[in-house]
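Scope of the values below: all heavy atoms of this structure, side chains included, with no hydrogens, waters or symmetry mates.
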Amino acid sequence: MTEKLLKESVRITKKCPLVIQDTTFFAGESFFPHTHDFFEFILIYEGNMQHLFKDESQILVPRDLFLICPEDQHTLRAAPDSGRVSFYNVCF
């Protein structure tokens with residue numbers, strides 16, 4: 001499994017209260033388990049994503065939208081049946 005780092009360190013400030021990223025994972029890629037000090041919406045628009053959150057594994061499909069709260073630990077990866085997953089994440 002290949003772990004991806006965030007494209008850039010997300011810094012939410014008064015001058016930049018919102019960060020939007022477009023991310024694609026391929027089979028075998030994932031984010032390492034992590035937390036934030038900000039909120040994050042994630043919208044899946046292609047493929048299936050496996051989301052490990054609160055000791056549960058969820059499979060998310062296109063048009064699924066979910067919210068991550070500050071201090072929530074989670075992991076994202078392409079689902080086993082998906083060669084590629086693309087999503088928008090909005091940090092605020």
Side-chain angles (χ1 to χ4, degrees):
M1 174 92 36
T2 302
E3 291 183 343
K4 289 183 102 161
L5 297 176
L6 298 174
K7 290 181 182 177
E8 58 192 51
S9 294
V10 175
R11 299 224 185 260
I12 306 299
T13 65
K14 287 182 182 179
K15 289 186 178 185
C16 183
L18 182 75
V19 174
I20 301 172
Q21 298 180 100
D22 184 355
T23 304
T24 297
F25 286 169
F26 295 94
E29 293 183 327
S30 69
F31 278 142
F32 54 90
H34 64 282
T35 61
H36 314 130
D37 59 356
F38 50 82
F39 289 91
E40 177 182 23
F41 277 112
I42 296 179
L43 172 65
I44 311 301
Y45 68 87
E46 179 183 13
N48 298 333
M49 173 183 284
Q50 183 178 18
H51 183 226
L52 303 170
F53 178 69
K54 295 186 178 180
D55 297 325
E56 292 184 20
S57 177
Q58 306 166 317
I59 299 297
L60 304 167
V61 299
R63 297 179 24 175
D64 279 353
L65 173 71
F66 62 96
L67 172 68
I68 302 297
C69 296
E71 307 303 322
D72 285 346
Q73 183 171 343
H74 69 123
T75 303
L76 306 169
R77 65 176 60 128
D81 65 342
S82 187
R84 162 187 175 139
V85 60
S86 297
F87 57 96
Y88 296 114
N89 49 326
V90 179
C91 306
F92 59 100

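In terms of hydrophobic clustering, with Ile, Leu, Val, Met, Phe, Trp and Tyr side chains grouped at heavy-atom distances under 4.5 Å, Leu43 and Phe92 are assigned to a common cluster. There is no path of hydrophobic side-chain contacts, each under 4.5 Å, that joins Phe38 to Ile20. In this structure, Phe53 is not a member of the same hydrophobic cluster as Phe41, with clusters built from ILVMFWY side-chain heavy atoms closer than 4.5 Å.
A distance of 10.0 Å separates CZ of Phe25 from OG of Ser86, quoted to the nearest 0.5 Å. Note: Thr24 OG1 to Phe87 CZ = 8.0 Å, rounded to the nearest 0.5 Å. Between the CZ atom of Arg77 and the CZ atom of Phe32 there is a distance of 13.0 Å, given to the nearest 0.5 Å. Note that CG of Asn89 is 4.5 Å distant from CD of Gln21, once rounded to the nearest 0.5 Å.
By the 4.5 Å heavy-atom criterion applied to side chains, Ile42 and Leu76 are counted as neighbours.
For residues 83-92, every residue pair satisfying the salt bridge (Lys or Arg N to Asp or Glu O under 4.0 Å) rule, not counting sequence neighbours, is listed here: Glu46-Arg84. Residue pairs meeting the salt bridge (Lys or Arg N to Asp or Glu O under 4.0 Å) criterion with at least one member in residues 56-70, sequence neighbours excluded, do not occur.
With sequence neighbours left out, Ser57 forms a side-chain hydrogen bond (donor to acceptor under 3.5 Å, both in side chains) with Gln50. For Asp81, the side-chain contact (heavy atoms from CB on, under 4.5 Å) partners at least two apart in sequence or on another chain are Asn48, Ala79. Under the side-chain hydrogen bond (donor to acceptor under 3.5 Å, both in side chains) criterion, Tyr45 pairs with Asp22, not counting sequence neighbours.
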Return all side-chain donor-acceptor pairs below 3.5 angstrom for residues 65-73, not counting sequence neighbours, or 'none' if the list is empty.
from	atom 1	to	atom 2	distance (Å)
Asp72	OD2	Cys69	N	3.0

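Using bins of under 30°, 30° to 60° and over 60° for the plane-to-plane angle, the ring pair His34/Phe31 lands in the perpendicular bin.
Here the shortest heavy-atom pairing between Pro62 and Gly47 reads CD-O, 3.1 Å.
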